[in-house]
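Numbered from 1 within each chain, the chains take letters A, B, ... in sequence-line order.
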There are 2 protein chains.
Amino acid sequence: MTDTKTRILDAAESLIAQHGFDVSLRAITAKAGVNLAAVNYHFQSKDALIDALVARRIAPINRLRIEVLDAVEREHPEGPLPLEAVIHAFVDPPLRMPGREDIRILFGRLYGTPGEFLHRLFEPHLKPLAARFRVAFARACPELPPADLMWRMHFTIGVMVHTMSWSRIISEITGGEVNSSDTEALIERIVRFTAAGFRAAVQDAQSQQGARHA
Amino acid sequence: MTDTKTRILDAAESLIAQHGFDVSLRAITAKAGVNLAAVNYHFQSKDALIDALVARRIAPINRLRIEVLDAVEREHPEGPLPLEAVIHAFVDPPLRMPGREDIRILFGRLYGTPGEFLHRLFEPHLKPLAARFRVAFARACPELPPADLMWRMHFTIGVMVHTMSWSRIISEITGGEVNSSDTEALIERIVRFTAAGFRAAVQDAQSQQGARHA
DNA sequence: GTTTTAATTATACGATTGTTTAAATCTCTG
DNA sequence: CAGAGATTTAAACAATCGTATAATTAAAAC
């Protein structure tokens with residue numbers, strides 16, 4: 001019999017992935033097979049439970065992302081970094097996340113609902129990561145203006161998050177035509193798409209001015 | 001004094017965009033300045049209110065998307081369609097949506113929480129639209145395998161949705177460095193990024209096999 | 001002006017929520 | 001074995017939720 005604390009976390013993780021963050025503590029404790037009050041005993045509140053739930057998954061993923069990026073930078077101590085390698089370092093760990101598919105959906109749901117949990121999530125987990133990858137992407141695309149770099153990182157996150165949050169129903173709504181079970185092929189599709197997006201020509205200030213009044 | 005029904009819709013729209021779909025009817029009716037029971041009188045339930053709220057915004061957007069796509073196809077009755085024009089037809093209407101910024105955030109939140117509202121949303125609103133744009137993208141990228149075509153449409157939606165749902169806080173978390181107030185420039189960035197992604201080389205079956213065991 | 005319908009109001013209902021309390025049980029130390 | 005601390009349990013708390021009811025007011029029709 002596993003630990004009560006982790007059983008609560010597992011049950012909450014699965015239920016939140018399926019039904020959203022407003023699942024009741026009673027549903028969570030029922031699925032975990034523990035008493036209702038156990039949540040407020042081991043964690044302090046429902047919000048603290050969600051924080052612990054998120055931290056448990058994000059922390060190892062971000063650690064792995066940094067490790068992979070470290071290896072890439074070690075192989076290229078100077079000069080431009082290979083763009084595909086940087087993208088891989090960013091998207092592989094969450095997409096290859098071990099365990100149930102629920103975790104991927106939870107991850108996507110987390111990014112899809114900015115405002116509620118994100119301020120508690122961004123400062124400790126995402127902010128240092130974003131700063132780290134920003135300089136890496138800048139080294140991979142030296143000629144890209146800073147604003148475009150940030151936007152294209154943002155777009156890449158959008159591709160990754162949307163793929164994760166729709167991973168369960170994407171095959172359903174396409175009639176099984178599109179399937180996300182082959183993780184490696186999916187990662188390769190994401191990297192090719194976003195890398196080409198990073199390498200796209202940027203709009204110079206003059207044509208921007210023109211497009212605005214077209 | 002505007003209509004009670006639209007005042008409820010406006011208030012619900014704004015509050016849901018800010019705080020999610022689990023806002024109370026009391027908060028909605030308080031902001032609208034109407035009585036609590038007015039919601040169950042004019043609509044039948046809270047779910048029906050959300051359905052009406054979504055339909056009110058999605059219907060004209062999708063109508064405009066189809067109109068713009070019709071014009072593109074009329075200008076190119078045969079042969080390949082210009083890829084950028086097809087992407088513009090898809091992403092411009094929601095991003096240029098008139099009215100408050102709340103609507104864009106609501107739109108993004110809707111896509112970010114698949115499963116709850118999406119089955120009620122997909123069949124009537126999204127399914128015919130996806131079928132229509134699928135053939136258009138196929139005409140724009142004739143050499144692209146069907147599976148890759150679907151995935152890259154999916155990625156494009158991810159870029160669009162993520163940009164919309166993060167439009168309010170993106171400038172906040174980047175310290176004002178990245179700003180989404182210039183809609184036309186933002187659209188241009190999205191189109192350049194995704195068009196380059198559509199044109200990226202696809203992975204052939206052989207190298208797929210190899211990558212899977214790499 | 002009276003009647004009929006539509007719309008709004010105040011109020012209450014049952015159900016569910018997160019959280020707390022106090023007693024019961026278990027676990028381990030001395 | 002005794003007892004101190006940790007954990008689990010059942011029960012209840014106040015608050016909030018969506019919804020329904022009945023009465024009241026406004027509007028429209030004849």
Is there any side-chain hydrogen bond (donor to acceptor under 3.5 Å, both in side chains) pair reaching into residues 62-75 of chain A, and which pairs are they, with sequence neighbours excluded? A/Asn62-A/Arg65, A/Asp70-A/Arg132, A/Glu73-A/Arg132
Checking A/Ala37 now: which residues fulfil side chain to side chain contact (heavy atoms under 4.5 Å, CB included) with it, not counting sequence neighbours? A/Asn35
A/Glu177: which residues meet the salt bridge (Lys or Arg N to Asp or Glu O under 4.0 Å) condition with it, sequence neighbours left out? B/Arg134
Hey, is B/Asp22 close enough to B/Lys46 for a salt bridge, meaning N to O under 4.0 Å? no
A/Arg199: side chain to side chain contact (heavy atoms under 4.5 Å, CB included) partners, not counting sequence neighbours: A/Leu83, A/Glu84, A/Ala195
Could you list, one pair per line, each protein nitrogen or oxygen that sits under 3.5 Å from a nitrogen or oxygen of nucleotides 8-16 of chain C, together with the distance?
residue, atom, partner, partner atom, Å
C/dT8, OP1, B/Thr4, OG1, 2.5
C/dT8, OP2, B/His42, NE2, 2.5
C/dT9, OP2, B/Asn35, N, 3.3
C/dA10, OP2, B/Asn35, ND2, 3.4

Contacts table for residues 120-129 of chain B: side-chain donor-acceptor under 3.5 angstrom, sequence neighbours left out:
residue, atom, partner, partner atom, Å
B/Arg120, NE, B/Asp51, OD1, 3.0
B/Arg120, NE, B/Asp51, OD2, 3.2
B/Arg120, NH2, B/Asp51, OD1, 2.7

Side chain to side chain donor-acceptor pair (under 3.5 Å) with A/Asn179: which residues, sequence neighbours excluded? A/Ser181
Go through DNA chain D in 5' to 3' direction and return only the first and the last nucleotide with some atom under 4.0 Å of chain A's heavy atoms. D/dA6 to D/dA12
With sequence neighbours excluded, residues passing salt bridge (Lys or Arg N to Asp or Glu O under 4.0 Å) with B/Glu172: none
Rounded to whole Å, how long is the line connecting atom CZ of A/Phe21 with atom P of C/dT17? 17 Å
